[in-house]
2 protein chains.
Amino acid sequence: MKTKITIKIIAKELGVSVSTVSKALRDSHEISQETKDRIKAYADYYNYRPNNLALQLRNQQTKVIGIILPQIVHHFFSTVIKGIEHEATERGYNIMVCFSNNNEAKEAETIDVLTNGSVDGLLVSLAKETLENNKFHHFNRLIHNEIPLVLFDRTHNSIECDKVIVDDVGAGYKATKYLLETGCERIAIATTPEHITVGLHRSQGYKKALMEVGKGIDPRLMVGVDESKDIQSQIEKLFEQNIDAVFAVNEIYAAIAIRIAKEKGMRIPEDISVIGFTDGLISEYSSPSITTVVQYGYTMGKQAAEMLIARIENKDDVIPPKTKVISSNIKVRESSKNL
Amino acid sequence: MKTKITIKIIAKELGVSVSTVSKALRDSHEISQETKDRIKAYADYYNYRPNNLALQLRNQQTKVIGIILPQIVHHFFSTVIKGIEHEATERGYNIMVCFSNNNEAKEAETIDVLTNGSVDGLLVSLAKETLENNKFHHFNRLIHNEIPLVLFDRTHNSIECDKVIVDDVGAGYKATKYLLETGCERIAIATTPEHITVGLHRSQGYKKALMEVGKGIDPRLMVGVDESKDIQSQIEKLFEQNIDAVFAVNEIYAAIAIRIAKEKGMRIPEDISVIGFTDGLISEYSSPSITTVVQYGYTMGKQAAEMLIARIENKDDVIPPKTKVISSNIKVRESSKNL
DNA sequence: TATCAACACGAAAACGTTTTCGCAGCAATG
DNA sequence: CATTGCTGCGAAAACGTTTTCGTGTTGATA
C-alpha cells in the first residue's frame, strides 16, 4: 500500500505546523484566507482524506455497529441485515457482521473482540446453544459495562436490554384463526422442539385459537420436528390423521408438507390447506405458491438499528429497556382457500 | 459506557510506568517475575483487554476485510458472505459488510470511506450501474494506491486485480448439453439482457452447445428478460413455440417457467424439462424440485477471501493479478429427465 | 509612545498501544 | 578498586487526528 497522505506530510511540505493544517482544512477562522487556500489546494491535489482510525481513537467512537447473527444463509436474516444497513447508513454508521454459528463460545468471543473499541454498540440475535444452556454471562458483562445492546428476534427475558421481537404468539394465532375461518376443521401443526422459542410461541398461538372456538388440542396433530433426523418422515406422520390443513412454523416445513400432500394425491387447497411462515422466496415462487405469515425482517432490522443508535447517541441518559413488538400479517397465496 | 480499564490506569494504580505494564502483560523477559505477577493479577481482576483502535493505529492494520455487495437479499450472496466469513475468521480477520444497492455513486463513496483506515483490503462484486456505465475510476484509484482488492462474481476486464469468477460459459454449455443428452430437441433459454455479463455468458454456452451438435440458433427460442416489465408474460412467449425444454439463467425464471408449463397442462419432465441456475432454496423445495446448475457461492467467497488475505499479508511482493475460475455442476432433480 | 486588542500561527496534550533506547543499580571479574 | 555485564525499569517516540492554550506581530487607540 502506498503511504497515504497525512496532515503531518502536508505540514512539512508547506512549512507550517500540524495544527495549522488541521484548522485550515476545517475552515477555522484562526487561519488567514491565504494560508487556508494554499493548504486546501495542496490537500485537494493529493486527495487528502483524514484517517478513520485516528479519528476514532481521538473521538472515542467508531461509528460502527456490530451485528451478531446465528447464521446468514437464511432469507429472514438477510432482510434484517438489509434493514439495519439502511438505517445505519442513513445515520452515518457502518455495520460489521459476524456469525455465532449458533455456538455459545463463538458468540461470547465475538462480543469480546468487537467491544474492545471496534464498535459503538451491538445488535444480537441469540445463538441456539446460548438459549439452550441458559447462560448469559457474556451479555450481563456487556450490560454491566453499559455498552449499548439491542437484542432482536431470538431474545431472552433474563437479559435486561432493549429488544425487538415479532409477536409470534399473535402470528400463530392469526394463522390458525385464518385456517379456521376458511373452513378447516382438523388443523395440524409442524413446529419445532420446545426450546426454540419462536416455534414454542407460534404453537401457543395455535393452541389459543383452537381453544377459543372450543376445539381441544390433539397431540397427534402436532409434531416438534427434530432437524437432526429426517424431516419429511416426521411431518408425514401428521398425514396419518384425517387432516385438512397444515400450519408450518417455517417455509421449509410448509414446502415439505405440500410435497407430501401432492405425493398422496391430495388437491391443494381443496383437500388440504397449507400455511407457512416468513416471506422467503420459496413461498412466492413454488407452485402452488404458499400462503404465509409474512415476517417483517426489514422493519425489524431498521427498528433495532434505530433503537441502538438512540442508545449510542444518548449514553448519559438513563432510560429503562424497551421492547418493540413487530406484528405480522397473512399473505394469502394459492395454498389456502380465500376467506 | 463505563470507562474501560487501560494500561495507563493500571500503571498509575500500581505505581509503575506504562511501558512496564505493557511489557509485563506480554510476558517480556525484561520484567521481573514478581512485577509481572502483580500486574497480571491486577489486569486479570479488572478484566483488562487491549483497545483495538489503539492497536490498529499503531500497527497500521485493522484485521478487517471490507465487502461491498450489490445487494444481499439473495441466496447466492448470502452463501458468498458465509464463505468469506469462514476463511476470514480462521485467519483472524473480521468482515465489514456494505451494499452498493447497484448504485455506482454509493459504491464509490463506500470504497472511499472504508479505505481510509477502516479496512486492510476490499472484496467487491460490482454494482450493475457501474457495469452499465463502464466507469471504473474509483477502482483504478484503489489499484493506484496499491490497496488490496479482489473482485468476485460480477467483475470487469478493465480492472486489473485478482478475481474470482464462475465459469458461466462452461455452465451454460453444461446445462444445454445435459438437456440435449436427455433427448430434448427444441430448447428455449430465458436469459437477461446482454449487459448483464452472467446472462450473456450463460447464453454463449447455450449457443456453443447447440452449434456443436449442428443445431442452429433460433432467436424465437431466446428471450432477454427485462425485469422492469412483467417477467411471466415475457417468458410465456417462449411457449408459443413448440419447445420441450427451458434453460433459465436463474432460479426465479425457472420457477416461473414451471408455473407456466403447469398452467398450460404440460407434464414435467415428460412434456418439458426445466433447468435453472444457482443452488438457492426455491429449486430444492419447490415441487417438482428443480434441476439446477449449482453455483458454489461458499467456495467462491472462501477463495476470494484467501486471495485477498494473501495480498494483504504479502504487500511488498509484486505478483501479477490472477483470476480463479470456479466451475459448476448440474444438480439433477425432478424437473428434468435422467441421463 | 505606551497599551491593548486582534490576528495568525505553533506547541503540546490527548486518545491507547508497542518498542527502542537509555540508565541506574548491582554483582562478578580482573 | 575499576571495569564489565546483567537485570529491571522508565522515558519517549510513533501511529494521525483535534483542540486548548500560549505567543509574537501588527495596527489602532489613548
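Order of the sequence lines sets the chain letters (A, B, ...), proteins ahead of strands, with each chain counted from 1. All values below come from the heavy atoms of this structure, side chains included, with hydrogens, waters and symmetry mates left out.
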OP1 or OP2 of C:dC15 under 4.0 Å from side-chain N/O of B:Lys8: yes
5' precedence on DNA chain D between B:Gly15 and B:Asn59 (nearest-nucleotide basis): B:Gly15
Of A:Asn51 and A:Glu30, the one whose closest DNA chain D nucleotide lies more 5': A:Asn51
Spacing of A:Asp27 atom CG relative to C:dA8 atom P, expressed in whole Å: 13 Å
Given A:Leu308, A:Ile95, A:Thr89, the one that forms side chain to side chain contact (heavy atoms under 4.5 Å, CB included) with A:Ile84: A:Ile95
Given DNA chain C, 5'-ward residue of the pair B:Ser22 and A:Arg58, judged by closest heavy atom: A:Arg58
B:Asn51 side chain vs A:Gly117 backbone, donor-acceptor pair below 3.5 Å: no
Residue-phosphate contact under 4.0 Å: A:Ser17 side-chain N/O, C:dG10 OP1/OP2: yes
For atom CZ of A:Arg49 and atom C1' of D:dT17, their distance in whole Å: 16 Å
Any B:Asn47 side-chain heavy atom under 4.5 Å of B:Tyr45 side chain: no
Rounded distance (Å) that lies between atom C1' of D:dC15 and atom CD1 of A:Ile5: 17 Å
Polar side-chain contact B:Lys23-D:dG10 base: donor and acceptor under 3.5 Å: yes
Distance test, side-chain N/O of B:Tyr48 to OP1/OP2 of C:dG16, below 4.0 Å: no
Nucleotide C:dC9, atom P - distance to NE2 of A:His29 in whole Å: 13 Å
Rounded distance in Å - CG (A:Asn52) to C1' (D:dT17): 11 Å
Check: C:dG16 base within 3.5 Å donor-acceptor of B:Lys4 side chain: no
Given C:dC9, D:dC9, D:dT17, the nucleotide with the shortest approach to the side chain of B:Ile31: D:dC9
D:dG8 OP1/OP2 closer than 4.0 Å to side-chain N/O of B:Thr20: no
Distance test, side-chain N/O of A:Ser19 to OP1/OP2 of D:dT19, below 4.0 Å: no
Length of the CZ-P vector between A:Arg26 and D:dT20, whole Å: 11 Å
Rounded distance in Å - CG (A:Leu14) to P (C:dC9): 11 Å
Side-chain donor/acceptor of B:Gln60 to base of D:dC15, under 3.5 Å: no
Electrostatic pair B:Lys106:A:Glu85 at N-O distance under 4.0 angstrom: yes
Whole-Å gap separating P (D:dA14) and CD1 (A:Ile7): 17 Å
B:Val21 and its side chain to side chain contact (heavy atoms under 4.5 Å, CB included) partner, picked from B:Ile9, B:Leu14, B:Val16: B:Val16
